[in-house]
Structure formats: C-alpha cells, structure tokens
S.K.: 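Structure in structure tokens, see below.
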Number of protein chains: 2
Amino acid sequence: MMKKRQFLKRFGVGSLFATLVTLSVSAPSLADSDQTYRWSLLTSWPKNFPGLGVAPENFAKMVDDMSGGRLKIRVFGAGEVVPGFEVFDAISNGTAEMGHSGSYYWKGKLPAAQFFAAIPFGMTASETNGWLQYGGGMALWEELYRPHGVVPLAAGSTGTQMGGWFNKEINSIEDLEGLKMRIPGLGGEVLSRAGGVPVSLPGGEIFTALQTGAIDAVEWVGPYNDRAFGLNTAAQYYYYPGWHEPGSMFEFIVNEEAFQTLPEDLQAIVRQAAKTASYDMLVEYDARNIEALNQLQESGVELRRFPEDLLQKLQGYADEVVQELAEQDPMATRIYESYRAYQQGAAAYNHVAEQAYIETRGQ
Amino acid sequence: MMKKRQFLKRFGVGSLFATLVTLSVSAPSLADSDQTYRWSLLTSWPKNFPGLGVAPENFAKMVDDMSGGRLKIRVFGAGEVVPGFEVFDAISNGTAEMGHSGSYYWKGKLPAAQFFAAIPFGMTASETNGWLQYGGGMALWEELYRPHGVVPLAAGSTGTQMGGWFNKEINSIEDLEGLKMRIPGLGGEVLSRAGGVPVSLPGGEIFTALQTGAIDAVEWVGPYNDRAFGLNTAAQYYYYPGWHEPGSMFEFIVNEEAFQTLPEDLQAIVRQAAKTASYDMLVEYDARNIEALNQLQESGVELRRFPEDLLQKLQGYADEVVQELAEQDPMATRIYESYRAYQQGAAAYNHVAEQAYIETRGQ
C-alpha cells in the first residue's frame with residue numbers, strides 16, 4: 001500500500017504542499033502527523049537473546065506496523081552502543097531514546113529500583129502487574145525515575161524463576177554452608193546470610209564454571225533459558241524450584257524529552273505496544289518453559305524440592321534483606337510499604353482462587 | 001494537535017488535493033490513510049458492566065488514541081442493537097463490524113466453541129493464553145469461525161472463578177444431591193451428574209432468588225462481581241473456591257470483510273489493542289478481586305473448602321462431560337486433543353514453578 005509521503009513524492013506535490021505549510025503557524029501539527037521518527041533502543045542483553053532479547057524486537061515491529069512506518073525503532077544489543085549496565089545513563093542523557101533492561105542494575109544509583117525487578121519471596125508476575133497498574137506501583141516507579149528524565153514502562157517477565165542446579169541434594173540449611181553458587185542481587189545476599197558464597201558470573205561463563213566444578217550451584221532463569229545454555233548437560237545436577245525471583249520484571253525506559261516530541265497517537269502506540277510486549281513475554285516464557293521442562297525431564301534431569309524448614313529460614317533472611325533495602329531512603333520505604341500491602345492482599349486472594357484451584361486439579 | 005484532515009479543510013487545500021488524487025490510480029491508498037472508519041461493537045453485557053463491559057470500552061479508547069481518531073468504535077450494550085445471545089450472527093451477517101462476547105454462547109451452532117471459553121477442571125487464564133498463542137489454540141479458533149466470516153481475538157479473562165455461595169456447608173458429594181444451584185454450561189452438566197439441579201438464571205435475578213431461598217446455591221464470577229451484586233448480603237451463605245471455570249476466556253469477534261477493508265496499520269492497531277485489552281482485563285479482575293475479597297472477609301463472609309474426595313468425583317464427571325463434547329464433531333476432537341496436551345504440559349511446569357513457589361511462600 002502506498003503511503004501518503006510516497007504519493008506526495010511521486011506526484012510532485014510535496015513542494016507545493018510544503019509551501020502551503022510554511023505559511024501557517026499550525027505547521028508543526030502537519031509535520032508531526034507525517035514525519036518519520038527514527039529511534040534507537042539499547043538493551044542489556046545480547047542481540048536476539050531468547051526471551052529477553054525477543055521482547056524489544058517484537059515491540060519495535062509492533063510500533064512499526066501500528067504507526068504505518070512513522071516510528072522506526074532500531075534495537076541494539078549490549079555493547080553495541082554502550083555496555084549493558086550503562087543503559088539507564090544513556091537514556092537519561094539522551095544518547096538513545098529508549099532502552100530495555102532490568103531495574104536492579106541501577107541499584108548503585110537508585111536502591112529502591114530493585115522493587116521493580118525481583119524481590120526474594122515477593123510477588124509473582126501477575127501480582128506484580130496488578131500492583132503496577134492498580135496498586136499504585138507504576139506511579140511510584142515513574143516518580144523514582146522522573147528526576148533523571150526517564151519514563152519507565154513495564155517490559156515483561158520471565159515468570160517464577162527456578163531455584164537452580166545443585167551438585168548435591170539440599171536437605172537442610174547446613175547443606176548451603178560454604179556452597180559456592182552463581183546467584184546475583186538480593187537472592188545472593190540471602191544465600192550469604194544462610195552461610196553460602198554467592199558468586200557473580202556473566203551468563204557466558206556459567207556453563208564452563210559448572211562443568212569444571214569451579215562452582216557448586218547456579219541459578220540462571222528457568223527451563224527455557226537454562227536448557228538453551230545446556231546447563232543440564234554440564235554435569236549431573238539436581239534441579240530445584242525457586243524462591244529468589246518469583247516474578248522478575250523488566251523495563252522499557254524512555255527519554256522523557258524524546259517521548260514528549262512524539263505526536264499523541266505515536267505516544268499511545270509506544271505505551272500500548274510496550275504493554276503488549278510486556279504481557280507477551282510472560283506468556284512466551286510460560287509456553288517455552290513448558291516445552292523445555294518436558295525435554296529436560298526426558299533427558300533425565302533430577303527434580304527435587306527444598307525442605308520446608310529450609311525455605312522458612314531463607315524467607316526469614318529475605319525479610320531482613322528486604323527490610324534493610326526499605327530503610328535505605330524515604331522513597332525505598334514508600335515503595336516497600338506499597339509493595340508489601342499489595343502482596344499481602346494478593347496472597348490472600350490467590351489462596352482461595354487460582355492456588356486453591358491448582359491444588360484441586362492436581363498435576 | 002491539529003490533524004492533517006482538519007488542516008486540509010481549514011486551509012482549503014482539500015479540493016486541490018482531491019483533484020490531484022483523482023488523476024491517479026493510486027488514489028485508494030491515500031483515501032485509506034486519511035479516511036475515518038466508524039465501527040459498531042456489540043456486546044453481550046449491559047453497557048459498562050464491571051469488568052466485562054469495561055474491556056470493550058478500553059479497547060475502543062485505545063484504538064481511537066493509537067489511530068489518531070481514524071478508527072472510531074462505538075460500543076453497544078446487550079439489547080441495544082441485537083440481544084446478547086445474537087452477537088455472533090450479527091457480526092457474521094455484517095449487522096456490525098465487531099462484537100465482545102463469550103464463545104460458549106454459540107454452542108448450539110458450534111459445540112467446539114466452548115473450548116475457547118471455560119472448561120471444568122481445565123486451564124487457568126495464563127495457561128489458556130499460552131495455548132492460544134504458542135500451542136496452536138488460536139489457529140484452531142480461527143479455523144472454527146472462518147466458515148462464518150468471523151475473525152476471533154482473545155478478549156480477556158476473569159481469572160479463576162469462585163465455586164459459589166451455598167446455604168449449607170458441603171462436606172460430601174451427597175450434600176449436592178437435589179441442590180438447586182444457578183450454574184450454567186458445562187459446569188451445570190457436571191453438577192447434574194453429581195445429583196444436583198442446575199438452574200439457569202440471568203444475572204439480574206440471582207440476588208432475589210438467593211434471598212427468597214428459591215435456590216440453594218449460586219455461582220456468579222468472583223469477589224469483585226459477586227460483591228457488586230450484593231450476594232454476600234442476600235443471606236448467610238458459605239463461599240467456596242471454584243473448579244468449573246478456572247480461566248474463563250472472552251472473545252472479540254470481527255467481521256472478516258470489514259477487517260480486510262482496513263489499511264494495514266489499522267489492522268495492526270485492532271489486533272494489538274485487542275491483545276492489550278485482553279491481558280488488562282485479567283490484571284484488572286485480579287486487582288479488584290483482591291480488594292473485594294478483603295471487604296467480603298471484613299463483612300464476615302465464611303470461606304470454606306470442598307473436601308478433596310468430592311472434588312475428585314466432580315473431576316471424574318467433568319472428564320466425562322468434556323470427553324462427550326470432544327466427540328460431537330471432528331473439529332471438537334481436534335481442539336480437545338490440542339487443549340488437553342497443552343494442559344498436561346502446563347500443569348507439570350506449573351507444579352515446579354509458580355505453584356511450587358506459592359506453596360513455599362504460604363499465605
């Protein structure tokens with residue numbers, strides 16, 4: 001289908017039209033509705049990384065389709081423009097218009113940002129979506145980023161992450177003593193209080209570290225991403241359900257000035273496409289995880305469960321860690337209180353609704 | 001912001017431009033990109049009914065915003081144009097371009113359509129979304145409606161519905177013997193096989209039937225909608241978790257010819273806005289249910305759980321009912337097989353992922 005701009009060009013009315021436009025004070029609105037915007041979107045992942053890298057590509061395609069090509073967004077992998085951990089600054093200072101990342105990466109600058117990513121023993125993905133949209137979470141997130149000229153938008157979840165791969169069965173809290181485990185962030189801090197040794201390792205080094213026995217355990221994401229890394233083939237490991245990232249949420253971040261220069265229809269398209277990409281990522285992770293878990297089980301992976309009393313102790317440490325985070329600044333306190341209140345209500349409802357049903361249905 | 005059409009009008013270049021256009025065979029593409037489309041959307045609910053009636057209004061607003069006003073969709077309540085149960089035919093025959101309804105209403109014409117609405121002991125909302133998008137479900141739904149010139153789009157879920165309000169505690173399957181309960185569809189058929197008496201009652205008559213004791217039990221939706229109807233104040237009733245509609249899904253339906261006449265960018269906008277409205281409805285239901293359950297509990301509602309052996313017996317009857325539905329025609333068989341395979345994988349994954357976590361977290 002030929003677009004108006006092409007038509008104007010082909011039939012030579014562009015210059016006539018442009019002349020008319022320059023006579024009018026209303027010119028900007030015409031320029032807006034016809035102008036093509038070209039944006040860069042910087043991510044913290046390798047280009048096209050399964051799941052995480054797919055969401056921003058889907059987003060860019062949706063925006064292109066819905067805008068009839070008036071907003072073109074080019075997606076860059078980590079390191080192509082700036083390193084993955086510098087995406088926030090790059091969006092804040094206008095190096096690029098948009099980013100796709102995780103808010104826990106900005107904890108050095110904004111400790112409270114971690115509440116919008118992953119809280120040990122915190123909310124699931126669907127609960128987090130409810131909190132953001134109807135429980136006041138999104139307004140707090142916007143308030144946190146506003147001084148930096150950055151607009152946050154929810155950008156997808158992996159769902160409940162698995163607890164990881166262990167080179168021995170974990171039967172009590174003592175089995176965590178001295179355990180060297182790749183586990184970042186707040187979850188790592190919890191492990192440390194339980195006597196373990198959290199290790200920081202980029203994704204690309206995990207397989208080798210497992211295979212050589214340099215570490216005893218690792219958590220990465222879940223069946224889909226874990227299997228893509230071949231973690232099930234690195235050694236004979238036991239695979240456990242998770243507690244540390246129950247509903248990891250990612251973020252689109254937009255340079256506020258760039259956002260304001262868009263005409264209103266393109267602003268609406270960016271917001272809705274982000275929302276759809278966010279929801280889609282969770283649905284895709286769920287679907288791919290189902291398939292991958294099935295394949296893992298066929299390949300002989302040993303699934304285990306942590307004992308109940310160990311989990312209760314971890315939850316106690318997690319409460320301490322999150323409480324300390326909440327006390328770091330007044331904004332962290334406000335976000336924590338909002339988060340916690342929503343989680344309590346959500347857990348009570350879940351208990352009589354979906355959770356009650358799933359227990360009923362059995363496996 | 002002034003739109004191009006307004007500009008053309010105000011500065012009198014419309015007719016000049018139109019003249020140029022008529023000289024060109026490419027005129028339709030210009031007409032497309034500038035034309036305003038006006039659609040009607042017929043629903044099966046009262047106008048602005050909480051939850052169900054909100055989703056199509058949100059959808060229409062999103063489309064308006066994203067299209068810069070080029071696609072205007074007017075939403076009609078049940079009975080305003082056609083009765084609620086005639087929406088499918090009205091879209092099929094072109095009375096209106098679009099509808100918002102539930103596929104189980106078309107079971108007389110298309111028994112297999114029920115798989116896209118609510119299956120007792122079937123999939124949850126998130127599992128259903130996964131099946132539709134990644135498990136082949138959507139392609140089957142499209143195939144089912146294609147001979148009728150109707151395009152289906154997922155249009156939101158209430159989440160797991162509650163099992164309902166009962167005038168006595170239900171301690172065994174015998175307590176269902178002769179029980180007069182408002183419960184429609186496949187769930188009603190299951191109750192009937194368990195010795196109960198399913199009663200069909202429109203929403204507006206439920207409160208009075210409960211209050212006068214004309215019926216012994218009722219299921220409606222969940223805390224949010226149930227409380228809006230005042231079911232907790234009708235009489236002293238016990239409130240139970242559900243099994244009959246674990247992930248009720250609704251539908252947008254579009255007249256295929258009308259859809260094809262839209263330019264590609266508006267088609268993309270309709271598809272993505274429907275997706276977002278669909279996901280949003282579930283998130284909104286979850287959030288409103290959390291709040292409403294809290295209020296119900298404060299008002300003294302007595303929550304109970306069905307005994308495990310009763311649920312197992314109901315599940316046995318449900319398996320029979322769904323199996324018989326699957327045998328009604330070859331399309332129903334294919335959809336059933338796809339549905340069942342996805343549910344098995346989803347249940348296995350849920351068991352080690354979110355479900356395992358939620359059990360861990362406790363309430």
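Chain naming here is simple, since letters A, B, ... match the order of the sequence lines and numbering starts at 1 in each.
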S.K.: For A/Leu293, is it the side chain, the backbone, both or neither that has a heavy atom under 4.5 Å from a heavy atom of chain B?
M.R.: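 For A/Leu293, the side chain is the part near chain B, not the backbone.
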S.K.: Hey, which residues of residues 58-65 of chain B are touching chain A, say heavy atoms under 4.5 Å apart?
M.R.: B/Met62, B/Asp65
S.K.: Out of A/Asp280, A/Asn129, A/Leu314, A/Val270, which one racks up the most heavy-atom pairs below 4.5 Å with chain B?
M.R.: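 Looking at each of A/Asp280, A/Asn129, A/Leu314, A/Val270 in turn, A/Asp280 comes out on top.
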S.K.: Do other residues, nucleotides or ligands put more than 12 heavy atoms under 6.0 Å from the CZ atom of A/Arg305?
M.R.: yes
S.K.: Select one option (side chain, backbone, both, neither) describing which atoms of A/Glu354 are under 4.5 Å from chain B's heavy atoms.
M.R.: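 Its backbone and side chain both get close to chain B.
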S.K.: Taking side chain as everything from C-beta outward and backbone as N, CA, C, O, which of these in A/Gln133 sits under 4.5 Å from a heavy atom of chain B? Side chain, backbone, both or neither.
M.R.: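 Just the side chain, heavy atoms under 4.5 Å.
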S.K.: Which bit of A/Asn294 is near chain B, if near means a heavy-atom gap under 4.5 Å: side chain, backbone, both or neither?
M.R.: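 Contact with chain B is absent: no heavy atom of A/Asn294 under 4.5 Å.
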S.K.: Ignoring hydrogens and geometry beyond distance, is a side-chain donor-acceptor pair present between B/Tyr239 and B/Asp226 at under 3.5 Å?
M.R.: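 Judged by distance alone, the side chains do pair up.
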S.K.: Could you list the residues that satisfy side-chain hydrogen bond (donor to acceptor under 3.5 Å, both in side chains) with A/Gln295, not counting sequence neighbours?
M.R.: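 A/Gln295: side-chain hydrogen bond (donor to acceptor under 3.5 Å, both in side chains) contacts with A/Arg227.
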S.K.: More than 12 heavy atoms of other residues, nucleotides or ligands under 6.0 Å from CZ of A/Arg340: is that the case?
M.R.: no
S.K.: What residues, two or more places apart in sequence or in another chain, satisfy side-chain hydrogen bond (donor to acceptor under 3.5 Å, both in side chains) together with A/Ser248?
M.R.: A/Gln161, A/Glu245
S.K.: According to side-chain hydrogen bond (donor to acceptor under 3.5 Å, both in side chains), who are the partners of A/Arg288, at least two apart in sequence or on a separate chain?
M.R.: A/Glu284
S.K.: In terms of heavy-atom proximity below 4.5 Å to chain B, should A/Gln267 be classed as side chain, backbone, both, or neither?
M.R.: neither
S.K.: Closer than 4.0 angstrom, basic N to acidic O: yes or no for A/Asp265 and A/Arg70?
M.R.: yes
